[in-house]
Amino acid sequence: MPELPEVEVVRCGLESYLIGKMVECIEVRRPDLRYPIPDLNTVLRGRKLCQIKRRSKYLLFFFEDTLLVWHLGMTGQFHVLPRDIPATAHEHVCFLFSDGTSLRYRDSRRFGYAGLLSLDGWQQHPWFRDLGPEPLGEEFTGEYLIRCCKMRKAPMKQILMNAHVVVGIGNIYACEALFRAHIHPARAANRISHMRLQRLFQAVRQVLREAIDAGGSSIRDFVRVDGKPGYFAHDFKVYGRAGEACPDCGKHIRRIMQSGRSTFYCPRCQH
DNA sequence: CTGAAGACCTGCCTGC
DNA sequence: TGCAGGCAGGTCTTCA
């Protein structure tokens with residue numbers, strides 16, 4: 001499901017519903033997500049949710065004395081519902097809050113995972129230790145991207161999707177950013193001019209920003225915490241559009257496989 | 001070190 | 001209608 005914009009949209013939604021609420025108990029129906037879910041009740045029962053942040057594609061739930069980290073994997077969803085609504089299929093975890101609200105975690109493929117980390121040392125955890133900068137933060141700049149591409153002959157799309165370089169960019173937004181920057185996804189990173197990398201840097205920021213503003217992309221099963229879809233999928237220029245006309249030049253959009261993932265691009269505009 | 005490919009798990013769509 | 005095969009937005013591990 002989610003790349004950075006979708007996770008950010010979920011974070012905002014959760015924040016608007018849940019901040020300041022107290023956990024009464026947690027029902028775990030299936031602890032066997034990608035990694036086993038830890039014992040949440042012992043640590044979180046009676047605790048107040050103070051803040052919800054995001055780092056990369058991880059949601060960070062800050063309680064008074066502990067941090068709950070959650071990754072949505074491919075199909076994870078959070079929903080805020082009244083507690084008396086019955087559980088649906090693949091609803092593996094339900095947080096009950098003392099005011100009658102519930103937070104449900106649903107994840108058909110169970111690629112998602114969660115962990116309890118300490119408030120001070122969490123950034124040293126293996127999930128976070130080696131992450132690159134946030135693409136919308138100050139550390140990510142055109143010069144930084146140029147440095148990362150120097151000496152790297154991997155396809156540019158792989159570099160964009162590499163979380164050691166920059167976090168949050170998955171298959172969709174990598175394709176869309178490369179299209180906007182007119183760069184061929186298979187082009188070796190070290191064979192792209194500095195000017196074009198600057199343009200790619202701008203394209204990454206722009207496409208992520210626009211996607212967040214549109215409420216994320218719903219192509220298969222992404223929904224916001226209130227169940228509404230995001231609208232950015234309407235604005236995809238190339239992703240999922242193999243065979244359609246390029247919106248800029250009219251040539252047919254092509255699909256290729258790169259490291260087992262589909263890549264969409266315009267063979268005329270991108271080189 | 002880098003980069004490619006496979007693994008994890010389930011649902012849905014296509015085509016025979 | 002039924003079933004096999006391919007594909008799906010992420011990340012980690014293994015292998016060359």
Q: Grab the CD-P distance between A/Q77 and B/dG11 for me, whole Å please.
A: 13 Å

**Q.** Side chain of A/S259 (C-beta onward), nearest among B/dA4, C/dG10, B/dG11
**A.** B/dA4

Q. Taking atom types as modelled and ignoring hydrogens, do the side chains of A/E15 and A/Q51 form a donor-acceptor contact shorter than 3.5 angstrom?
A. no

Q.
Please give the distance between the P atoms of B/dC9 and C/dC3 as a whole number of Å.
A. 24 Å

Q) To the nearest angstrom, how far is A/R110 atom CZ from C/dT11 atom C1'? A) 16 Å

**Q.** No-H, no-angle donor-acceptor pair, A/R34 side chain to C/dT11 base, under 3.5 Å
**A.** yes

Q. Within this structure, what is the CG-to-P distance between A/N162 and B/dG3, rounded to whole angstrom?
A. 8 Å

Q) For A/H71 and C/dG10, is the shortest distance between a side-chain N/O and OP1 or OP2 below 4.0 Å? A) no

(Q) OP1 or OP2 of C/dA8 versus the side-chain N and O atoms of A/T75: is any pair under 4.0 Å? (A) no

Q | B/dC1 phosphate, OP1 or OP2, under 4.0 Å from A/R152 side-chain N/O | A | no

Q) Rounding to a whole Å, what distance do you find between A/L72:CG and B/dC9:P? A) 19 Å

Q | Of the listed nucleotides B/dG11, C/dC12, C/dG10, the one nearest the side chain of A/Y113 | A | C/dC12

Q.
Checking A/Q123 against A/H125: is there a side-chain donor and acceptor pair closer than 3.5 Å?
A. no

Q) Does A/R261 make a side-chain N or O approach to OP1 or OP2 of B/dA4 shorter than 4.0 Å? A) no

Q. Base, sugar-phosphate, or nothing: which does A/F236 touch, judged by heavy atoms less than 4.0 Å apart?
A. nothing

Q) Can you tell me how far C1' of B/dG11 sits from CG of A/D107, to the nearest Å? A) 12 Å

Q) Can a donor-acceptor pair be found between the side chains of A/R180 and A/Q206 at a distance below 3.5 Å? A) yes

Q. What's the closest nucleotide to the A/R109 side chain, out of C/dA8, C/dG10, B/dG3?
A. C/dA8

(Q) Need the pair for C/dT13. Rule: Watson-Crick or G-U wobble, both distances under 3.5 Å, any strand; none if unpaired. (A) B/dA5

Q. Would you say A/K57 reaches C/dT11's phosphate, i.e. side-chain N/O to OP1/OP2 under 4.0 Å?
A. yes

Q) How about A/S98 and A/E24: does a side-chain donor come under 3.5 Å of a side-chain acceptor? A) no

(Q) Would you say A/R255 and A/S262 are linked by a side-chain donor-acceptor pair, where the criterion is simply a distance under 3.5 Å? (A) yes

Q. What nucleotide, of C/dT11, B/dT10, C/dA8, holds the atom closest to the side chain of A/H90?
A. B/dT10

Q: Report yes if the ring of A/F111 lies under 5.5 Å from the six-membered base ring of B/dC8 with planes under 30°, and no otherwise.
A: yes

**Q.** d(CD1, A/I159; C1', B/dG3) in whole Å
**A.** 9 Å

Q.
I'd like to know if the side chain of A/Y265 pairs up with that of A/Y239 as donor and acceptor (distance under 3.5 Å, no hydrogens or angles considered).
A. no

**Q.** Atom-to-atom span, NZ of A/K150 to C1' of B/dT2 - whole angstrom
**A.** 18 Å

Q.
I need the CE-C1' distance between A/M161 and C/dG10, as an integer number of Å.
A. 8 Å

